[in-house]
Amino acid sequence: MDFIVDYDPREEERAQQASIFDGLNPAQLEAVQTTEGPLLVLAGAGTGKTRVLTTRLAALIHQGKAFPGQILAVTFTNKAAQEMKVRVSETLGGAPVEGWWLGTFHALAARMLRHHAELVGLSSNFTILDSDDQVRLVKQLMETHNIDPKKYPPKMLAGEISSWKDKAKRPEDLGADEVGDLANGKMLPLYRDYQNRMKALNTCDFGDLLLHIITILKDPKHADILVDYHRRFKYILVDEYQDTNVAQYLWLRLLAKGSNNICCVGDDDQSIYGWRGAEVDNILRFEKDFDDAKIIKLEENYRSTMHILSAANGVISKNNNRLGKELYTNIGEGEKVNLRGLWDGGAEARWVGEEVEALQNKGFKLNQMAVLVRTGFQMREFEERFIQLGLPYRVIGGPRFYERMEVRDALAYLRVVAQSNDDLALERIINTPKRGLGNATIQILYTHARSKGISLYQSILDLTQTDELRPKVKSTLMKLVDDFERWKSLAESDLHHGELAAQILDESGYNDMWKMDKSPEAPGRLENLKEFVSAMDEFESLQQFLEHIALVLENQSNKDGDFITLMTLHGAKGLEFDVAFLPGWEDGLFPSQRSMDENGVKGLEEERRLAYVGITRARQKAYISYVANRRMYGSWVNGLPSRFVDELPEDHINVQTEMGIYSPDQNNHGSNSGRSNHWDSSGFGGKTRQSTPKRGTSMAGFVSGERVFHEKFGGGTVTHAEGQKLDIEFDNAGQKRVMDSFVVKA
DNA sequence: TGGATTCGCGTTTTT
DNA sequence: CGCGAATCCA
């Protein structure tokens, strides 16, 4: 059986010699050693949860309780899977971990599904669509259903379908009340068609990987399959449990019902992927579904100083929907969290730059500093400033390698070679590079394909036998299928697929297209294509490579050198830095207005968890800042300090201010200030704001050479930098009211 | 068909 | 403002 990997019996010997449990605290030890039955480990930030998981895994093997192949270790991201592999391997003295059931939900589900694909109408070489393909498919289907893409953006409808899949709902599982009247009530037929089309194309989207395998495992007709997996997996380990969606939960539950030995590790306070289907409720359900479940909390933090932890605790304690943990540390008091209000985004970037340089002089390494922003556009100002200062920085995020246009194009060629029924891939590259095959031609091909119920590729083969197409078009298409047929036979020969890819890119003219291109990105794209080809060499088959690139491939970020890191708060999860800068704490930006508008209290609480994640990234120093003026989408927007600023516990904060900027008064600026109930008013951002400023906004600007700071917001007391106090009442009708303005010397 | 121009809109991000 | 998509026009 391919999934069983023997372990080296000398491991036990090694275990005798060096205890892998050294240095674990009692709670961690208990979590590691409670190997029988369901266990939920609630582990706060920086409490060593990954260590618990890896130690546990290693211990199971060390102690001979399970072979690697009998352990299902599931993580949420590839990064986490990678880290786990490395650490387990280290603990086991360098044992290889290839072939273990250790990986992400999607990768493991895909692996299972390959064995049983025919049971859901697929063949085992199905390809995996990315979200871009999904949207294009939805868009195509919308046409046949007469759904207006202007009224209903394809992206939105694709999102709706994905969210059903996140909940493990197939079209036939959806009740009338669950469908809603989106797209004039045509969502269900659209979803049904979408699924049928996917089967015809022999593809899965990400949601399908889990959906299909759940369908199979649940089916009483295939009870033997589930029984088989139950026999295989003696232990199940799950990381980042708070990020699981319903489908992932169901999958886990189905598999865990065999041995009942399931250990989940997570932190409800760090659930920041709710917008993508994660359900914190899965943590609560755990106790219900596994009635003898044991719960262990890890609350001792080994990362941050007490002031930082207390600041984080203070903020997160404002969330009502949480299980409740209070982190503590023995590291020491440390420094208070620095809080600073500034004039605008430029000033904020300059200030951060100054602090960074000062810290460098004190011996802090750039590698141990990070600027963590809520949204990507905030990065620009920091980049500009860092460039001016000559500070080396590294931006994490942005488009991933395999999301780049040229990589996806190259991939599309290979997908057609691997599976010529992949219409979406073929459509992508049929006229890339330009071959003179425009919309009109593609429509003809599609019409033919649809009427015959065949694939695009097939319909090219058909139509090139007739005279329905213009001679020029016909010969171009014949050349194209000739090429593909040749590449397909090469793929089956023993030509290495790396070489095959290189050949395809050359012969198709794709490489030339970029060589001719004068744009500044072109050289980089060629570089990426080279990398793409060399990445292929590491895989045994084209099939394996395609799966890897769809599910696994990471951005390679060079860790060498001393760089300050610039990334979003989401990207920072699981990382830690000596120094964390948290700029942009303005209401509407953070917490994000949209999150609050769309998801109300739930959205706000998720934003608050994001704040918690942000603060707890810092080991020694945290800097929080907000500005009065920020440039967004080309125009100036004025903001108030985030409500999270108000929530920072005073005792752990070192408040700094700058001219013309107020700092909130802790006593009078609280929850009944009128702000907290009004996230649904369009108080911030967007076009509405400019024409009708509402309560909750302030205005600031330059008037005749002097800085004038107008207050136009309601609620509470505001202290200005100069010590003036300004009492402001808010208008219950939500009307904007200029309460006062004053002049600050420039 | 495809280059040029206007339009419209704008989190976070994993697989 | 800046980018991608839709639309226009040769």
Side-chain angles (χ1 to χ4, degrees), chain A residues 74-81 103-110 128-136 139 149-150 153-155 159 162 165-166 204-211 240 243-245 247-248 271-278 372-380 396-400 402-403 405 431-443 470 472-473 476 547-555 567-574 584 588-599 603 606-607 609-611 613-614 631-637 684-687:
Chain A
V74 191
T75 62
F76 192 65
T77 62
N78 287 306
K79 205 172 77 186
T104 61
F105 279 98
H106 287 85
L108 295 175
I128 299 165
L129 293 192
D130 62 30
S131 26
D132 218 68
D133 292 323
Q134 277 177 56
V135 174
R136 286 195 308 156
K139 206 165 148 192
K150 288 232 179 69
K155 221 175 161 181
S162 292
K165 292 187 177 180
D166 286 343
C204 278
D205 62 20
F206 291 119
D208 280 342
L209 297 173
L210 280 149
L211 195 62
E240 303 283 17
D243 287 331
T244 53
N245 61 34
Q248 291 160 340
S271 166
I272 56 175
Y273 287 106
W275 49 272
R276 214 223 56 239
L372 310 177
V373 294
R374 177 64 182 84
T375 70
F377 79 89
Q378 291 170 260
M379 290 184 188
R380 219 199 61 231
I396 308 282
R400 331 194 117 249
Y402 56 84
E403 278 169 2
M405 188 206 313
N431 200 29
T432 313
K434 299 260 187 300
R435 300 184 173 92
L437 301 169
N439 253 333
T441 309
I442 292 171
Q443 278 318 312
R470 294 209 320 272
K472 212 175 163 190
V473 171
T476 311
E547 178 141 335
H548 182 263
I549 204 155
L551 293 173
V552 182
L553 198 69
E554 278 285 317
N555 268 19
M567 64 174 135
T568 64
L569 287 162
H570 283 90
K573 198 166 109 178
L589 179 61
F590 186 45
S592 140
Q593 190 61 47
R594 189 151 157 194
S595 184
M596 295 185 290
D597 285 349
E598 283 171 11
N599 300 306
E606 181 151 319
E607 295 285 310
R609 290 193 289 269
L610 212 42
V613 168
R631 223 182 145 88
M632 284 172 102
Y633 310 134
S635 56
W636 287 95
V637 171
F684 192 103
K687 277 149 198 153

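Within every chain, numbering begins at 1; the chains are lettered A, B, ... in the order of the sequence lines, protein sequences first and strands thereafter. Heavy-atom basis, side chains included; hydrogens, waters and symmetry copies ignored.
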Mind listing the N/O atom pairs, protein and nucleotides 7-10 of chain C, below 3.5 Å?
unit_1, atom_1, unit_2, atom_2, d
C/dT7, OP1, A/K150, NZ, 3.2

Considering only [options], which nucleotide approaches the side chain of [X] most closely?
X	options	value
A/R374	B/dT12, C/dC1, B/dT14	B/dT12
A/K434	B/dG3, B/dT13, B/dT11	B/dG3
A/T375	B/dG10, B/dT15, B/dT12	B/dT12
A/H106	B/dT15, B/dT11, B/dT1	B/dT15

*asked:* To the nearest 0.5 Å, what is the distance between CG on A/L210 and CZ on A/F105?
replied: 8.0 Å
_Pairwise distance CD(A/Q248) to CG(A/D243) - rounded to 0.5 angstrom_ = 8.5 Å
Across the strands shown, which category fits [X] at heavy-atom distances under 4.0 angstrom: base, sugar-phosphate, nothing?
X	result
A/R631	sugar-phosphate
A/Q248	nothing
A/D205	nothing
A/A110	nothing
A/D243	nothing
A/G207	nothing
A/F377	nothing

*asked:* Restricting to side chain to side chain donor-acceptor pair (under 3.5 Å), what partner residues turn up for A/T75, sequence neighbours left out?
replied: none
_Those residues that, when tested against A/T476, pass side chain to side chain donor-acceptor pair (under 3.5 Å) (two or more places apart)_ = none
Less than 4.0 angstrom between a side-chain N/O of [X] and OP1 or OP2 of [N], yes or no?
X	N	result
A/K139	C/dA6	yes
A/T441	B/dT1	yes
A/N431	B/dG2	yes
A/T568	B/dT13	yes

*Stacking check A/Y273 vs B/dT13 (5.5 Å / 30 deg)*: no
Partner set under salt bridge (charged side-chain N to carboxylate O under 4.0 Å, His left out) for [X], not counting sequence neighbours:
X	value
A/E607	A/R374
A/D133	A/R136, A/R408, A/R415
A/R594	A/E598

*With nearest nucleotides of DNA chain B determined for A/R470 and A/L209 from heavy-atom distances, which residue corresponds to the more 5′ nucleotide?*
A/R470
*For A/F105 and A/A440, take the nucleotide of DNA chain B holding the closest heavy atom to each; which residue's nucleotide lies nearer the 5' end?*
A/A440
*asked:* Please determine whether any donor N or O and acceptor N or O are separated by less than 3.5 Å between the side chain of A/R276 and the base of B/dT14.
replied: yes
How many Å lie between [atom1] on [X] and [atom2] on [N], as a whole number?
X	N	atom1	atom2	value
A/I272	B/dT13	CD1	C1'	9 Å
A/M379	B/dT13	CE	C1'	12 Å
A/N245	B/dT13	CG	C1'	14 Å
A/K155	B/dT13	NZ	C1'	11 Å
A/R136	C/dA6	CZ	C1'	17 Å
A/L589	B/dT12	CG	C1'	11 Å
A/I442	B/dG2	CD1	C1'	13 Å
A/Q378	C/dC1	CD	C1'	16 Å

*asked:* Counting C-beta onward and ignoring hydrogens, is there a side-chain heavy-atom pair between A/F206 and A/I128 closer than 4.5 Å?
replied: yes
*asked:* If we count only N and O atoms by modelled type, under 3.5 Å, do the side chains of A/E606 and A/S271 hold a donor and an acceptor together?
replied: no
